[in-house]
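Structure, as structure tokens:
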Amino acid sequence: MLNPTSKKRQLIPQWRRFELAITSNELASPGQRKTVVTSTPMLPELVKRIERLHLNPDLIAAAEVVESSIISGHEREAIRAARVVMQSDNAVPMVRAMAATLLRRNGREDVLQTAFHTSDATTSHHWRTRTRLNPTDAVAWVELARVQACKGHVDHAKRSMKIALQLAPTNRHVLRSATRLYFQFGDPETAHDLVKRNPATPSDPWLMSAEVALSEFSGAKSLFMKKGLELVENEIMIPAQITELAGAVGTIVLKDGSRRGRKLIRMSLNAPTSNSLAQAEWVSVTYHEKVMDEKQLQLASEAWEAKAIQAFYAGAFEQALLYAELWMEEEQYNLSAYATAAGFANVIENFGKAKDIASKGLALKKDAPSLLNALAFSAACQGDLIKASDYLVSLPTDDDAQNAIADANQGLIAMRTGNFDEGRKNYRNAITTMKRINNRELEVSATIYFAYELARAGLADESAEAVSIAKEKNRILKLANVNLIIQRIKQLPAAPLRAPATPPHSSHG
């Protein structure tokens, strides 16, 4: 079973490596088109670092100024510091990347030297060392938290992030990273509170975007929906600054039934991030209306999530899996990336890869329903029905969509054991639930897989009826995997495939 999109997707901030956040302009200073938003004063820490640089213009002092100026929106004050960094042979790659980006954004390309390489510092040891050397470096604590989260050490990650928030409570990068950490690991209320009342949010469109998006999951009303909508529609700021805000408010307007939501989504594509591209692709497949030029996505660097969804709906399943794996590699903390990649692997019947991907994701959260369902499906299709049943025994029961997928997987297991009445019952229960929760993608996928199992069992008339239903339901959705399964049904032998003589018994009893 597979659901390549979530019904509640929103523009929750991505949590990217610091140098990637810089190069994607997520940390660029806000620029205005018409009216001037009151600028924030320099943080005392930045003032102190600039003073230290004047007294002793060495590499360490310069690197601290560059870092602080970027994340506080005072880049012009750091041009001298960036020059010091670029002129040093001892600057580490990430610091050179920050300095080069700052100079380029401020029209000082003349200072740039040869091409730089981004940092490959992805180990906790690296960032532990850096935090010991400079315990007031908020970005280093964020990077340490990210590495810890990617390894499944969530409590350690939260402790590191708490230190970062204490050091830089109004810092955009720190706040966006913290909101993603708390959201990702099941606490959207804390994530929302971080930006809802923060003094930096009213003047920062990136933080407004996070607040608007998170309000959909926290159960609290957004404080900045109205202001964000005005900011976007009046085109007060340059497109690069409001791309995610336009996507976040546009998604809510669209869900409320207004067609102007599509206009707002299109505005988010004037200078998009990979996150706003993914949101636009989600809108395209969820609302069955293209809002993005496919060439724009092809030309975008990275944007792996959006490219994976687009490739899947185009029927390029191998390519979709490749993009999903790249997305998984970039956001190693993101369970949705693992679930999507495992689902794509199951679609193309690469069950070994599906198992490997899902198992990696379970290292982050051992009871993730989407990953347990992916494992159950791959195990059942490989004939290991006992193992498949065991995965479903471990599955939590608080998610309607995943419970419906589990019912379909139970139907698959029952059909493969020859218990056709039980299999029919489970599949029909799953399809009924999917229809009730208005998840048409899951409903049509379950229907076509049910048709496959009926055909496999030699129940040709029932299978043909289910195929007809799936085709009709898919007329608007246009899920490419439906056509793939229909082709597999046509290739099945006329005689039914043999099922095990007895149903499997779970090792849990």
(request) Please determine if Arg52 and Glu64 form a salt bridge, counting it only when a charged side-chain N lies under 4.0 Å from a carboxylate O. (result) yes
(message) In the structure I gave you, are the side-chain heavy atoms of Phe312 and Thr340 within less than 4.5 Å of one another anywhere?
(response) no
(request) Work out which heavy atom in Arg266 is nearest to a heavy atom in Val291; give both atom names and the distance. (result) CG-O, 3.6 Å
(request) Please determine, by modelled atom types, if Ser215 and Ser218 share a side-chain donor-acceptor pair under 3.5 angstrom. (result) no
(request) Kindly compute the distance separating CD1 (Ile60) from CZ (Arg49), expressed to the nearest 0.5 Å. (result) 11.5 Å
(request) State, to 0.1 Å, how close Ser359 and Leu375 come at their nearest heavy-atom pair, and which atoms those are. (result) OG-CD2, 4.1 Å
(message) Between the side chains of Lys221 and Glu216, is the shortest nitrogen-to-carboxylate-oxygen separation below 4.0 Å, so that they form an ion pair?
(response) no
(request) For Gln279 and Ser268, test the side chains for any donor-to-acceptor distance below 3.5 angstrom and give the result as yes or no. (result) no
(request) Could you tell me whether a side-chain N or O of Arg180 sits under 3.5 Å from a main-chain N or O of Pro13, the two making a donor and an acceptor? (result) yes
(request) For residues Gln241 and Trp206, determine if any side-chain heavy atom of one lies less than 4.5 Å from a side-chain heavy atom of the other. (result) yes
(request) Start with the C-alpha gap between Glu331 and Trp327, add the side-chain angles, then the distance that decides, and say whether side-chain contact (heavy atoms from CB on, under 4.5 Å) holds. (result) CA-CA 6 Å; Glu331 297 184 28; Trp327 173 30; 3.5 Å; yes
(message) Which heavy atom of Asn346 sits nearest to which heavy atom of Ser378, and what is that distance?
(response) OD1-CB, 3.3 Å
(request) May I have the step-by-step check of side-chain contact (heavy atoms from CB on, under 4.5 Å) for Arg197 and Leu223, ending in yes or no? (result) CA-CA 9 Å; Arg197 305 291 182 184; Leu223 289 183; 3.6 Å; yes
(message) Checking the side chain of Gln332 only, and the main-chain atoms of Glu329 only, is there a donor and an acceptor separated by less than 3.5 Å?
(response) yes
(request) Measure the shortest side-chain to side-chain distance between Leu194 and Met161 over non-hydrogen atoms and say whether it is less than 4.5 angstrom. (result) no
(message) Between the side chains of Lys227 and Glu211, is the shortest nitrogen-to-carboxylate-oxygen separation below 4.0 Å, so that they form an ion pair?
(response) no
(message) Do Phe351 and Phe377 have side chains that approach each other closer than 4.5 Å (heavy atoms only, starting at C-beta)?
(response) yes
(message) Can a donor-acceptor pair be found, under 3.5 Å and without considering hydrogens, that links the side chain of Thr131 to the backbone of Arg128?
(response) yes
(message) A side-chain contact here means heavy atoms from C-beta on lying under 4.5 Å apart; do Leu264 and Glu233 qualify?
(response) yes
(request) Quick one: closest heavy-atom pair of Leu144 and Ser160, and the distance? (result) CD2-OG, 3.6 Å
(message) Glu244 and side-chain contact (heavy atoms from CB on, under 4.5 Å): which single residue from Thr273, Val212, Ile12 fits?
(response) Thr273
(message) Can a donor-acceptor pair be found, under 3.5 Å and without considering hydrogens, that links the side chain of Asn373 to the backbone of Gln402?
(response) yes
(request) Examine distances only and state if a side-chain atom of Arg146 and a backbone atom of Trp15 form a donor-acceptor pair shorter than 3.5 Å. (result) yes
(request) Provide the closest heavy-atom pair for Glu143 versus Arg16 in the form atom of the first, atom of the second, distance. (result) OE2-O, 4.2 Å
